[in-house]
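All remarks here apply to the structure that follows.
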2 protein chains.
Amino acid sequence: MEAVKKQDVRTRQRLLESACQVFAEKGYRDATIADISELAGTNVAAVNYHFGDKEALYVESWRLAFHKSLEAYPPDGGISPNAPPEERFRGRVFAVMQRFAYSKNYEFEIMSKELANPTGLLAEVIRESIEPLRQEFGRIIRELLGTRASEKQIQFCQMSVMAQCTNVMLHERNRKLFDQAGIKTGLPFENFNVETMADHVTRFSLAGLREIRRLIEAGELTDQNTDSPENSEMRY
Amino acid sequence: MEAVKKQDVRTRQRLLESACQVFAEKGYRDATIADISELAGTNVAAVNYHFGDKEALYVESWRLAFHKSLEAYPPDGGISPNAPPEERFRGRVFAVMQRFAYSKNYEFEIMSKELANPTGLLAEVIRESIEPLRQEFGRIIRELLGTRASEKQIQFCQMSVMAQCTNVMLHERNRKLFDQAGIKTGLPFENFNVETMADHVTRFSLAGLREIRRLIEAGELTDQNTDSPENSEMRY
DNA sequence: GTATATTTTAAATGAGCATTTAAAATATAC
DNA sequence: GTATATTTTAAATGCTCATTTAAAATATAC
(Lines give C-alpha, C1' and ligand atoms only; values in the text may rest on other atoms or scores of the structure.)
Protein backbone atom coordinates (compact mmCIF):
# COMPACT_ATOMS: atom_id res chain seq x y z
CA MET A 1 0.00 0.00 0.00
CA GLU A 2 2.60 2.53 1.11
CA ALA A 3 5.76 1.47 -0.66
CA VAL A 4 5.88 2.91 -4.14
CA LYS A 5 7.92 0.89 -6.57
CA LYS A 6 9.46 1.82 -9.88
CA GLN A 7 7.07 0.26 -12.35
CA ASP A 8 4.30 1.51 -10.19
CA VAL A 9 5.44 5.07 -10.54
CA ARG A 10 5.71 4.74 -14.26
CA THR A 11 2.12 3.56 -14.84
CA ARG A 12 0.84 5.93 -12.24
CA GLN A 13 2.58 8.77 -14.00
CA ARG A 14 1.40 7.77 -17.46
CA LEU A 15 -2.12 7.52 -16.13
CA LEU A 16 -1.88 10.95 -14.57
CA GLU A 17 -0.60 12.56 -17.73
CA SER A 18 -3.29 10.92 -19.84
CA ALA A 19 -5.87 12.01 -17.32
CA CYS A 20 -4.77 15.64 -17.60
CA GLN A 21 -5.20 15.51 -21.32
CA VAL A 22 -8.55 13.77 -21.31
CA PHE A 23 -10.02 15.88 -18.50
CA ALA A 24 -8.79 18.98 -20.31
CA GLU A 25 -10.44 17.91 -23.54
CA LYS A 26 -13.72 16.63 -22.19
CA GLY A 27 -14.24 17.86 -18.66
CA TYR A 28 -14.83 15.63 -15.66
CA ARG A 29 -18.14 14.15 -16.60
CA ASP A 30 -17.45 13.39 -20.26
CA ALA A 31 -14.01 11.96 -19.62
CA THR A 32 -14.23 8.22 -19.13
CA ILE A 33 -11.82 5.99 -17.28
CA ALA A 34 -11.73 3.90 -20.43
CA ASP A 35 -10.50 6.91 -22.44
CA ILE A 36 -7.83 7.69 -19.92
CA SER A 37 -6.51 4.20 -19.44
CA GLU A 38 -6.52 3.51 -23.15
CA LEU A 39 -4.41 6.61 -23.75
CA ALA A 40 -2.06 5.52 -20.98
CA GLY A 41 -1.94 1.98 -22.33
CA THR A 42 -3.18 0.43 -19.12
CA ASN A 43 -6.15 -1.54 -17.96
CA VAL A 44 -9.18 0.33 -16.61
CA ALA A 45 -8.67 -1.21 -13.20
CA ALA A 46 -5.30 0.53 -12.94
CA VAL A 47 -7.04 3.81 -12.21
CA ASN A 48 -8.81 2.41 -9.23
CA TYR A 49 -5.71 0.59 -8.11
CA HIS A 50 -3.47 3.65 -8.22
CA PHE A 51 -5.85 6.44 -7.36
CA GLY A 52 -8.86 4.88 -5.70
CA ASP A 53 -11.43 6.47 -7.92
CA LYS A 54 -12.08 8.90 -10.73
CA GLU A 55 -12.57 11.79 -8.36
CA ALA A 56 -9.16 11.43 -6.78
CA LEU A 57 -7.58 11.11 -10.20
CA TYR A 58 -9.25 14.35 -11.21
CA VAL A 59 -7.84 16.23 -8.26
CA GLU A 60 -4.35 14.85 -8.86
CA SER A 61 -4.62 15.77 -12.53
CA TRP A 62 -5.32 19.36 -11.68
CA ARG A 63 -2.34 19.47 -9.35
CA LEU A 64 -0.02 18.11 -12.02
CA ALA A 65 -1.40 20.35 -14.76
CA PHE A 66 -1.06 23.43 -12.62
CA HIS A 67 2.42 22.52 -11.44
CA LYS A 68 3.72 21.87 -14.95
CA SER A 69 2.14 25.01 -16.28
CA LEU A 70 3.69 27.20 -13.63
CA GLU A 71 7.04 25.54 -14.12
CA ALA A 72 6.97 26.22 -17.84
CA TYR A 73 5.92 29.86 -17.46
CA PRO A 74 6.96 31.50 -14.18
CA PRO A 75 4.21 33.85 -13.04
CA ASP A 76 6.34 37.00 -12.97
CA GLY A 77 7.04 36.65 -16.69
CA GLY A 78 10.75 36.89 -16.00
CA ILE A 79 10.51 40.54 -14.93
CA SER A 80 12.67 41.66 -12.02
CA PRO A 81 10.86 42.57 -8.81
CA ASN A 82 12.71 45.88 -8.99
CA ALA A 83 11.25 46.83 -12.34
CA PRO A 84 8.55 49.52 -12.37
CA PRO A 85 5.07 48.20 -11.64
CA GLU A 86 3.89 48.74 -15.22
CA GLU A 87 6.54 46.33 -16.44
CA ARG A 88 5.83 43.78 -13.76
CA PHE A 89 2.18 44.10 -14.66
CA ARG A 90 2.88 43.33 -18.27
CA GLY A 91 5.06 40.39 -17.24
CA ARG A 92 2.24 38.88 -15.23
CA VAL A 93 -0.33 39.37 -17.97
CA PHE A 94 1.98 37.82 -20.50
CA ALA A 95 2.78 34.87 -18.23
CA VAL A 96 -0.87 34.15 -17.52
CA MET A 97 -1.75 34.26 -21.17
CA GLN A 98 1.10 31.95 -22.09
CA ARG A 99 0.09 29.51 -19.40
CA PHE A 100 -3.41 29.54 -20.80
CA ALA A 101 -2.45 29.54 -24.45
CA TYR A 102 -0.21 26.55 -24.87
CA SER A 103 -2.42 23.58 -25.14
CA LYS A 104 -0.11 21.12 -23.43
CA ASN A 105 -0.64 23.17 -20.33
CA TYR A 106 -3.91 21.65 -19.39
CA GLU A 107 -4.35 24.11 -16.55
CA PHE A 108 -6.60 26.45 -18.46
CA GLU A 109 -8.88 23.86 -20.00
CA ILE A 110 -9.37 21.95 -16.79
CA MET A 111 -9.98 25.09 -14.79
CA SER A 112 -12.31 26.83 -17.17
CA LYS A 113 -14.46 23.72 -17.54
CA GLU A 114 -14.53 23.31 -13.81
CA LEU A 115 -15.48 26.92 -13.20
CA ALA A 116 -18.26 26.92 -15.77
CA ASN A 117 -19.65 23.60 -14.63
CA PRO A 118 -18.35 22.92 -11.15
CA THR A 119 -18.04 19.41 -9.83
CA GLY A 120 -16.96 20.95 -6.55
CA LEU A 121 -14.04 18.55 -6.41
CA LEU A 122 -11.47 21.18 -7.32
CA ALA A 123 -12.82 24.10 -5.35
CA GLU A 124 -10.29 23.91 -2.56
CA VAL A 125 -7.30 22.75 -4.51
CA ILE A 126 -7.71 25.41 -7.19
CA ARG A 127 -8.08 28.10 -4.62
CA GLU A 128 -4.99 26.88 -2.78
CA SER A 129 -2.97 26.90 -5.98
CA ILE A 130 -4.12 30.23 -7.25
CA GLU A 131 -4.42 32.28 -4.10
CA PRO A 132 -0.69 33.11 -3.86
CA LEU A 133 -0.66 34.28 -7.47
CA ARG A 134 -3.75 36.34 -6.88
CA GLN A 135 -2.11 38.01 -3.90
CA GLU A 136 1.07 38.81 -5.78
CA PHE A 137 -0.79 40.29 -8.68
CA GLY A 138 -2.99 42.21 -6.27
CA ARG A 139 0.09 43.85 -4.81
CA ILE A 140 1.17 45.09 -8.22
CA ILE A 141 -2.27 46.50 -8.85
CA ARG A 142 -2.20 48.19 -5.48
CA GLU A 143 1.01 49.93 -6.50
CA LEU A 144 -0.58 51.05 -9.73
CA LEU A 145 -3.71 52.33 -8.03
CA GLY A 146 -1.85 54.23 -5.33
CA THR A 147 -2.12 54.11 -1.57
CA ARG A 148 -5.61 55.56 -1.40
CA ALA A 149 -7.23 52.66 -3.24
CA SER A 150 -9.47 50.41 -1.18
CA GLU A 151 -9.20 46.64 -1.12
CA LYS A 152 -12.43 46.40 -3.04
CA GLN A 153 -11.24 48.75 -5.74
CA ILE A 154 -8.11 46.65 -6.16
CA GLN A 155 -10.16 43.51 -6.47
CA PHE A 156 -12.50 45.01 -9.04
CA CYS A 157 -9.56 46.04 -11.16
CA GLN A 158 -7.86 42.70 -10.77
CA MET A 159 -11.03 41.05 -11.96
CA SER A 160 -11.13 43.31 -15.02
CA VAL A 161 -7.62 42.30 -16.00
CA MET A 162 -7.89 38.59 -15.34
CA ALA A 163 -11.21 38.48 -17.14
CA GLN A 164 -9.56 39.65 -20.29
CA CYS A 165 -6.79 37.07 -20.02
CA THR A 166 -9.15 34.15 -19.64
CA ASN A 167 -11.73 35.26 -22.14
CA VAL A 168 -9.21 35.79 -24.87
CA MET A 169 -8.44 32.12 -24.60
CA LEU A 170 -12.02 30.88 -24.47
CA HIS A 171 -12.73 33.05 -27.45
CA GLU A 172 -9.83 31.67 -29.37
CA ARG A 173 -10.65 28.07 -28.58
CA ASN A 174 -14.23 28.52 -29.65
CA ARG A 175 -13.22 30.24 -32.83
CA LYS A 176 -11.23 27.12 -33.64
CA LEU A 177 -14.19 24.91 -32.86
CA PHE A 178 -16.48 27.02 -35.02
CA ASP A 179 -13.97 26.88 -37.83
CA GLN A 180 -13.83 23.11 -37.59
CA ALA A 181 -17.60 22.97 -37.69
CA GLY A 182 -17.50 25.16 -40.80
CA ILE A 183 -19.40 27.97 -39.12
CA LYS A 184 -18.47 31.48 -40.10
CA THR A 185 -17.97 33.49 -36.96
CA GLY A 186 -16.96 36.98 -37.86
CA LEU A 187 -14.76 36.67 -34.79
CA PRO A 188 -11.28 38.15 -34.61
CA PHE A 189 -7.88 36.59 -34.02
CA GLU A 190 -7.37 34.74 -37.24
CA ASN A 191 -3.66 34.74 -36.62
CA PHE A 192 -3.70 34.38 -32.94
CA ASN A 193 -0.61 35.59 -31.18
CA VAL A 194 -0.14 35.60 -27.44
CA GLU A 195 2.27 38.49 -27.36
CA THR A 196 0.01 40.72 -29.40
CA MET A 197 -2.92 39.93 -27.17
CA ALA A 198 -0.90 40.47 -24.01
CA ASP A 199 0.15 43.86 -25.35
CA HIS A 200 -3.41 44.82 -26.04
CA VAL A 201 -4.64 43.72 -22.62
CA THR A 202 -1.75 45.54 -20.97
CA ARG A 203 -2.33 48.81 -22.81
CA PHE A 204 -6.06 48.71 -22.31
CA SER A 205 -5.81 47.81 -18.64
CA LEU A 206 -3.03 50.18 -17.64
CA ALA A 207 -5.14 53.00 -19.03
CA GLY A 208 -8.11 51.74 -17.02
CA LEU A 209 -6.00 51.55 -13.88
CA ARG A 210 -4.59 55.06 -14.36
CA GLU A 211 -8.09 56.42 -14.75
CA ILE A 212 -9.37 54.68 -11.62
CA ARG A 213 -6.36 56.04 -9.75
CA ARG A 214 -7.02 59.53 -11.03
CA LEU A 215 -10.64 59.34 -9.91
CA ILE A 216 -9.70 58.03 -6.49
CA GLU A 217 -7.14 60.74 -5.96
CA ALA A 218 -9.50 63.43 -7.24
CA GLY A 219 -11.97 62.21 -4.62
CA GLU A 220 -14.51 61.41 -7.33
CA LEU A 221 -14.53 57.75 -6.44
CA THR A 222 -15.10 57.09 -2.79
CA ASP A 223 -15.19 53.54 -1.63
CA GLN A 224 -18.94 53.94 -1.32
CA ASN A 225 -19.08 54.50 -5.03
CA THR A 226 -17.40 51.23 -5.76
CA ASP A 227 -18.95 49.53 -2.80
CA SER A 228 -22.47 48.23 -2.96
CA PRO A 229 -25.39 50.31 -1.84
CA GLU A 230 -28.59 48.56 -0.86
CA ASN A 231 -30.72 49.78 -3.70
CA SER A 232 -30.76 47.78 -6.91
CA GLU A 233 -31.86 44.20 -7.27
CA MET A 234 -29.59 41.38 -6.23
CA ARG A 235 -28.95 38.14 -7.96
CA TYR A 236 -31.07 35.21 -6.63
CA MET B 1 -47.92 15.66 -36.07
CA GLU B 2 -48.45 19.17 -37.37
CA ALA B 3 -51.53 20.38 -35.59
CA VAL B 4 -50.64 21.80 -32.22
CA LYS B 5 -53.44 21.63 -29.71
CA LYS B 6 -53.95 23.54 -26.49
CA GLN B 7 -53.02 21.00 -23.86
CA ASP B 8 -50.13 20.08 -26.05
CA VAL B 9 -48.76 23.59 -25.95
CA ARG B 10 -49.08 23.72 -22.23
CA THR B 11 -47.02 20.60 -21.49
CA ARG B 12 -44.60 21.47 -24.21
CA GLN B 13 -44.14 24.88 -22.66
CA ARG B 14 -43.76 23.58 -19.13
CA LEU B 15 -41.20 21.10 -20.36
CA LEU B 16 -39.27 23.82 -22.13
CA GLU B 17 -39.19 26.07 -19.12
CA SER B 18 -38.08 23.26 -16.85
CA ALA B 19 -35.44 22.33 -19.37
CA CYS B 20 -34.02 25.87 -19.36
CA GLN B 21 -33.70 25.73 -15.62
CA VAL B 22 -32.15 22.29 -15.44
CA PHE B 23 -29.76 22.83 -18.34
CA ALA B 24 -28.73 26.13 -16.77
CA GLU B 25 -28.06 24.47 -13.43
CA LYS B 26 -26.32 21.35 -14.63
CA GLY B 27 -25.21 21.75 -18.22
CA TYR B 28 -26.24 19.46 -21.05
CA ARG B 29 -24.55 16.29 -19.94
CA ASP B 30 -25.47 16.37 -16.26
CA ALA B 31 -29.06 17.36 -16.88
CA THR B 32 -31.25 14.30 -17.13
CA ILE B 33 -34.56 13.94 -18.87
CA ALA B 34 -35.86 12.57 -15.61
CA ASP B 35 -34.89 15.82 -13.84
CA ILE B 36 -36.55 17.92 -16.45
CA SER B 37 -39.78 16.00 -16.74
CA GLU B 38 -40.12 15.70 -12.99
CA LEU B 39 -39.80 19.46 -12.65
CA ALA B 40 -42.38 19.91 -15.38
CA GLY B 41 -44.66 17.32 -13.82
CA THR B 42 -44.75 15.14 -16.90
CA ASN B 43 -43.70 11.68 -17.86
CA VAL B 44 -40.20 11.16 -19.25
CA ALA B 45 -41.63 10.04 -22.56
CA ALA B 46 -43.16 13.48 -23.02
CA VAL B 47 -39.76 14.90 -23.91
CA ASN B 48 -39.34 12.50 -26.74
CA TYR B 49 -42.92 12.93 -27.83
CA HIS B 50 -42.74 16.74 -27.98
CA PHE B 51 -39.13 17.37 -28.95
CA GLY B 52 -37.82 14.16 -30.43
CA ASP B 53 -34.76 13.92 -28.27
CA LYS B 54 -32.68 15.61 -25.61
CA GLU B 55 -30.53 17.41 -28.15
CA ALA B 56 -33.48 19.16 -29.78
CA LEU B 57 -34.83 20.11 -26.38
CA TYR B 58 -31.47 21.64 -25.54
CA VAL B 59 -31.46 23.81 -28.64
CA GLU B 60 -35.03 24.95 -28.02
CA SER B 61 -34.17 25.72 -24.42
CA TRP B 62 -31.39 28.03 -25.49
CA ARG B 63 -33.71 29.83 -27.88
CA LEU B 64 -36.30 30.39 -25.18
CA ALA B 65 -33.76 31.44 -22.56
CA PHE B 66 -32.16 33.93 -24.90
CA HIS B 67 -35.47 35.31 -26.10
CA LYS B 68 -36.82 35.84 -22.59
CA SER B 69 -33.60 37.39 -21.40
CA LEU B 70 -33.48 39.89 -24.22
CA GLU B 71 -37.13 40.70 -23.72
CA ALA B 72 -36.59 41.43 -20.03
CA TYR B 73 -33.50 43.58 -20.61
CA PRO B 74 -33.35 45.32 -23.99
CA PRO B 75 -29.76 45.36 -25.21
CA ASP B 76 -29.46 49.13 -25.50
CA GLY B 77 -30.17 49.52 -21.80
CA GLY B 78 -32.92 51.99 -22.61
CA ILE B 79 -30.46 54.61 -23.86
CA SER B 80 -31.52 56.66 -26.88
CA PRO B 81 -29.59 56.05 -30.11
CA ASN B 82 -28.99 59.80 -30.15
CA ALA B 83 -27.19 59.83 -26.82
CA PRO B 84 -23.40 60.23 -26.91
CA PRO B 85 -21.50 56.98 -27.49
CA GLU B 86 -20.17 56.88 -23.92
CA GLU B 87 -23.72 56.72 -22.61
CA ARG B 88 -24.81 54.15 -25.13
CA PHE B 89 -21.73 52.17 -24.18
CA ARG B 90 -22.69 52.23 -20.54
CA GLY B 91 -26.25 51.25 -21.44
CA ARG B 92 -25.04 48.17 -23.29
CA VAL B 93 -22.67 47.13 -20.53
CA PHE B 94 -25.40 47.50 -17.95
CA ALA B 95 -27.91 45.57 -20.07
CA VAL B 96 -25.51 42.69 -20.64
CA MET B 97 -24.68 42.45 -16.99
CA GLN B 98 -28.32 42.49 -16.00
CA ARG B 99 -29.12 39.78 -18.50
CA PHE B 100 -26.34 37.71 -17.04
CA ALA B 101 -27.00 38.55 -13.43
CA TYR B 102 -30.61 37.63 -12.88
CA SER B 103 -30.74 33.97 -12.38
CA LYS B 104 -34.10 33.41 -13.96
CA ASN B 105 -32.48 34.45 -17.17
CA TYR B 106 -30.90 31.18 -17.97
CA GLU B 107 -29.09 32.64 -20.94
CA PHE B 108 -25.83 33.18 -19.13
CA GLU B 109 -25.63 29.84 -17.37
CA ILE B 110 -26.51 27.85 -20.45
CA MET B 111 -24.12 29.78 -22.63
CA SER B 112 -21.15 29.84 -20.31
CA LYS B 113 -21.41 26.11 -19.68
CA GLU B 114 -21.69 25.50 -23.39
CA LEU B 115 -18.69 27.68 -24.18
CA ALA B 116 -16.48 26.11 -21.56
CA ASN B 117 -17.49 22.58 -22.46
CA PRO B 118 -19.02 22.66 -25.91
CA THR B 119 -21.48 20.02 -27.02
CA GLY B 120 -21.42 21.70 -30.41
CA LEU B 121 -25.20 21.63 -30.49
CA LEU B 122 -25.56 25.34 -29.79
CA ALA B 123 -22.72 26.65 -31.92
CA GLU B 124 -24.88 27.91 -34.75
CA VAL B 125 -27.90 29.00 -32.79
CA ILE B 126 -25.85 30.98 -30.28
CA ARG B 127 -23.92 32.68 -33.01
CA GLU B 128 -27.13 33.55 -34.83
CA SER B 129 -28.64 35.01 -31.68
CA ILE B 130 -25.64 36.97 -30.59
CA GLU B 131 -24.19 38.19 -33.84
CA PRO B 132 -26.58 41.16 -34.21
CA LEU B 133 -25.81 42.32 -30.68
CA ARG B 134 -22.13 41.94 -31.33
CA GLN B 135 -22.42 44.10 -34.44
CA GLU B 136 -24.37 46.82 -32.69
CA PHE B 137 -21.94 46.99 -29.84
CA GLY B 138 -19.07 46.96 -32.32
CA ARG B 139 -20.49 50.07 -33.93
CA ILE B 140 -20.48 51.93 -30.62
CA ILE B 141 -16.90 50.92 -30.01
CA ARG B 142 -15.99 52.09 -33.48
CA GLU B 143 -17.37 55.50 -32.63
CA LEU B 144 -15.37 55.58 -29.44
CA LEU B 145 -12.14 54.53 -31.14
CA GLY B 146 -12.47 56.99 -34.00
CA THR B 147 -12.42 56.50 -37.75
CA ARG B 148 -8.79 55.44 -37.95
CA ALA B 149 -9.29 52.28 -35.88
CA SER B 150 -8.98 49.00 -37.74
CA GLU B 151 -11.56 46.24 -37.58
CA LYS B 152 -9.14 44.15 -35.58
CA GLN B 153 -8.56 46.89 -33.06
CA ILE B 154 -12.28 47.22 -32.58
CA GLN B 155 -12.66 43.51 -32.03
CA PHE B 156 -9.83 43.37 -29.52
CA CYS B 157 -11.44 46.15 -27.53
CA GLN B 158 -14.85 44.58 -27.75
CA MET B 159 -13.38 41.39 -26.40
CA SER B 160 -11.85 43.28 -23.48
CA VAL B 161 -15.20 44.74 -22.53
CA MET B 162 -17.33 41.64 -22.95
CA ALA B 163 -14.74 39.59 -21.09
CA GLN B 164 -15.24 41.73 -18.03
CA CYS B 165 -19.03 41.43 -18.22
CA THR B 166 -19.00 37.66 -18.36
CA ASN B 167 -16.24 37.06 -15.87
CA VAL B 168 -17.82 39.22 -13.23
CA MET B 169 -20.71 36.82 -13.30
CA LEU B 170 -18.69 33.62 -13.27
CA HIS B 171 -16.72 35.04 -10.42
CA GLU B 172 -19.80 35.90 -8.48
CA ARG B 173 -21.42 32.53 -9.03
CA ASN B 174 -18.33 30.70 -7.91
CA ARG B 175 -17.96 32.86 -4.86
CA LYS B 176 -21.47 31.73 -3.91
CA LEU B 177 -20.54 28.10 -4.49
CA PHE B 178 -17.40 28.44 -2.40
CA ASP B 179 -19.37 30.06 0.36
CA GLN B 180 -21.85 27.22 0.34
CA ALA B 181 -18.99 24.75 0.53
CA GLY B 182 -17.64 26.68 3.49
CA ILE B 183 -14.43 27.60 1.69
CA LYS B 184 -12.94 30.98 2.44
CA THR B 185 -12.18 32.67 -0.84
CA GLY B 186 -10.75 36.07 -0.19
CA LEU B 187 -12.72 37.00 -3.28
CA PRO B 188 -14.51 40.30 -3.62
CA PHE B 189 -18.15 41.17 -4.17
CA GLU B 190 -19.65 40.24 -0.86
CA ASN B 191 -22.55 42.51 -1.56
CA PHE B 192 -22.82 42.02 -5.23
CA ASN B 193 -24.49 44.78 -7.10
CA VAL B 194 -24.96 44.88 -10.83
CA GLU B 195 -25.05 48.62 -11.13
CA THR B 196 -21.84 49.08 -9.19
CA MET B 197 -20.10 46.50 -11.31
CA ALA B 198 -21.41 47.99 -14.54
CA ASP B 199 -20.09 51.37 -13.42
CA HIS B 200 -16.69 49.94 -12.73
CA VAL B 201 -16.50 48.10 -16.05
CA THR B 202 -17.64 51.21 -17.88
CA ARG B 203 -15.12 53.53 -16.22
CA PHE B 204 -12.27 51.09 -16.63
CA SER B 205 -13.11 50.32 -20.24
CA LEU B 206 -13.83 53.83 -21.44
CA ALA B 207 -10.38 54.80 -20.19
CA GLY B 208 -8.89 51.84 -22.05
CA LEU B 209 -10.72 52.83 -25.22
CA ARG B 210 -9.62 56.47 -24.97
CA GLU B 211 -6.02 55.38 -24.60
CA ILE B 212 -6.19 53.03 -27.60
CA ARG B 213 -7.72 55.86 -29.59
CA ARG B 214 -5.00 58.24 -28.50
CA LEU B 215 -2.30 55.77 -29.54
CA ILE B 216 -3.94 55.13 -32.90
CA GLU B 217 -4.25 58.81 -33.63
CA ALA B 218 -0.71 59.51 -32.49
CA GLY B 219 0.39 56.86 -34.98
CA GLU B 220 1.94 54.81 -32.18
CA LEU B 221 -0.32 51.89 -32.84
CA THR B 222 -0.38 50.80 -36.45
CA ASP B 223 -2.56 47.92 -37.39
CA GLN B 224 0.60 45.85 -37.64
CA ASN B 225 1.15 46.43 -33.96
CA THR B 226 -2.18 44.98 -33.08
CA ASP B 227 -2.08 42.46 -35.87
CA SER B 228 -0.11 39.29 -35.52
CA PRO B 229 3.44 38.97 -36.75
CA GLU B 230 4.79 35.53 -37.54
CA ASN B 231 7.29 35.28 -34.74
CA SER B 232 6.09 33.91 -31.44
CA GLU B 233 4.68 30.46 -30.84
CA MET B 234 1.13 29.68 -31.78
CA ARG B 235 -1.36 27.68 -29.85
CA TYR B 236 -1.60 24.02 -30.89
C1' DG C 1 -72.65 10.28 -28.67
C1' DT C 2 -69.49 7.71 -31.48
C1' DA C 3 -65.27 7.40 -34.14
C1' DT C 4 -60.74 9.15 -34.79
C1' DA C 5 -56.68 11.52 -33.70
C1' DT C 6 -53.68 13.15 -30.13
C1' DT C 7 -51.38 12.96 -25.75
C1' DT C 8 -49.88 10.76 -21.56
C1' DT C 9 -48.36 6.94 -19.02
C1' DA C 10 -45.84 2.91 -16.86
C1' DA C 11 -42.78 -0.29 -17.96
C1' DA C 12 -39.20 -2.27 -20.87
C1' DT C 13 -34.90 -1.97 -23.46
C1' DG C 14 -30.34 -1.50 -24.06
C1' DA C 15 -26.17 1.23 -24.07
C1' DG C 16 -22.47 3.43 -21.38
C1' DC C 17 -19.83 3.58 -17.52
C1' DA C 18 -17.38 3.40 -12.73
C1' DT C 19 -16.09 0.12 -9.84
C1' DT C 20 -15.07 -4.69 -8.08
C1' DT C 21 -13.20 -9.24 -8.19
C1' DA C 22 -10.19 -12.84 -8.35
C1' DA C 23 -6.86 -14.89 -11.03
C1' DA C 24 -2.43 -14.21 -13.54
C1' DA C 25 1.89 -11.90 -14.03
C1' DT C 26 5.66 -9.62 -12.18
C1' DA C 27 8.75 -7.80 -8.94
C1' DT C 28 11.08 -8.01 -4.31
C1' DA C 29 13.16 -10.13 -0.20
C1' DC C 30 15.89 -13.49 1.81
C1' DG D 1 15.59 -20.30 -6.14
C1' DT D 2 11.52 -19.99 -3.27
C1' DA D 3 8.18 -17.33 -0.77
C1' DT D 4 5.86 -13.08 -0.42
C1' DA D 5 4.19 -8.75 -1.79
C1' DT D 6 2.85 -5.84 -5.56
C1' DT D 7 0.85 -4.86 -9.99
C1' DT D 8 -1.80 -5.92 -14.05
C1' DT D 9 -5.47 -8.10 -16.33
C1' DA D 10 -10.05 -9.76 -18.28
C1' DA D 11 -14.39 -10.29 -17.01
C1' DA D 12 -18.32 -9.38 -14.09
C1' DT D 13 -21.40 -6.29 -11.52
C1' DG D 14 -24.60 -3.05 -10.95
C1' DC D 15 -26.10 1.61 -11.64
C1' DT D 16 -27.76 5.64 -14.43
C1' DC D 17 -29.90 7.18 -18.26
C1' DA D 18 -31.97 8.16 -23.10
C1' DT D 19 -35.08 6.18 -25.81
C1' DT D 20 -38.92 2.96 -27.22
C1' DT D 21 -43.25 0.58 -26.85
C1' DA D 22 -47.85 -0.29 -26.55
C1' DA D 23 -51.67 0.42 -23.82
C1' DA D 24 -54.63 3.89 -21.48
C1' DA D 25 -56.52 8.45 -21.26
C1' DT D 26 -58.06 12.48 -23.31
C1' DA D 27 -59.37 15.66 -26.75
C1' DT D 28 -61.47 16.67 -31.36
C1' DA D 29 -64.55 16.11 -35.34
C1' DC D 30 -68.91 15.15 -37.11
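Both backbone and side-chain heavy atoms feed into the values below; hydrogens, waters and symmetry mates do not. A note on names: the letters A, B, ... follow the listed sequences, proteins ahead of strands, and every chain is numbered from 1.
- Salt bridge absent: B:Lys68 and B:Glu71 never bring a charged side-chain N and a carboxylate O closer than 4.0 Å.
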Without placing hydrogens or testing angles, list every side-chain donor-acceptor pair under 3.5 Å for residues 110-123 of chain A, not counting sequence neighbours.
from: A:Ser112; atom 1: OG; to: A:Phe108; atom 2: O; distance (Å): 3.1
from: A:Lys113; atom 1: NZ; to: A:Ala24; atom 2: O; distance (Å): 2.9
from: A:Lys113; atom 1: NZ; to: A:Glu109; atom 2: OE1; distance (Å): 2.8
from: A:Glu114; atom 1: OE1; to: A:Tyr58; atom 2: OH; distance (Å): 2.6
from: A:Glu114; atom 1: OE1; to: A:Thr119; atom 2: N; distance (Å): 3.4
from: A:Glu114; atom 1: OE1; to: A:Thr119; atom 2: OG1; distance (Å): 3.0
from: A:Glu114; atom 1: OE2; to: A:Thr119; atom 2: N; distance (Å): 2.9
from: A:Glu114; atom 1: OE2; to: A:Thr119; atom 2: OG1; distance (Å): 3.1
from: A:Glu114; atom 1: OE2; to: A:Gly120; atom 2: N; distance (Å): 3.1
from: A:Thr119; atom 1: OG1; to: A:Leu121; atom 2: N; distance (Å): 3.0

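- Remark: A:Ser37 engages no residue in a side-chain hydrogen bond (donor to acceptor under 3.5 Å, both in side chains) (not counting sequence neighbours).
- Listed by first and then second residue, the salt bridge (Lys or Arg N to Asp or Glu O under 4.0 Å) pairs involving residues 37-54 of chain B amount to none (not counting sequence neighbours).
- Residues satisfying the side-chain hydrogen bond (donor to acceptor under 3.5 Å, both in side chains) test with B:Asp30, not counting sequence neighbours, are A:Arg29.
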Exercise. Along nucleotides 11-20 of chain D, 5' to 3', which nucleotides get a B, which get an S, and which get a -, given that the test is a protein heavy-atom distance under 4.0 Å?
Worked result: ------SSSB
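- Residues forming a salt bridge (charged side-chain N to carboxylate O under 4.0 Å, His left out) with A:Glu136 (at least two apart in sequence, or on another chain): A:Arg92.
- Between the CZ atom of A:Arg12 and the C1' atom of C:dA27 there is a distance of 19 Å, given to the nearest Å.
- Within the 4.0 Å cut-off from OP1 or OP2 of D:dT7, not a single side-chain nitrogen or oxygen of A:Thr11 is found.
- By the side-chain hydrogen bond (donor to acceptor under 3.5 Å, both in side chains) test, A:Glu17 pairs with A:Gln13, sequence neighbours left out.
- B:Thr202 is linked by a side-chain hydrogen bond (donor to acceptor under 3.5 Å, both in side chains) to nothing, counting only residues two or more places apart in sequence or in another chain.
- For A:Thr42, whose side chain is taken as the heavy atoms from C-beta onward, the closest listed nucleotide among C:dT7, D:dT9, D:dT8 is D:dT9.
- Rounded to an integer number of Å, the gap from OH of A:Tyr49 to C1' of D:dA10 is 17 Å.
- Taking atom CZ of A:Phe51 as the reference point, atom P of C:dA18 lies 15 Å away to the nearest angstrom.
- Look at CD on A:Glu38: it is 13 Å from P on D:dT9, rounded to the nearest Å.
- Taken together, the paired segments of DNA chain D that extend over three or more consecutive Watson-Crick or G-U pairs, each closer than 3.5 Å at both contacts, are C:1-30 with D:1-30.
- A:Gln13 places its CD atom 15 Å from the P atom of D:dT7, with the value rounded to the nearest Å.
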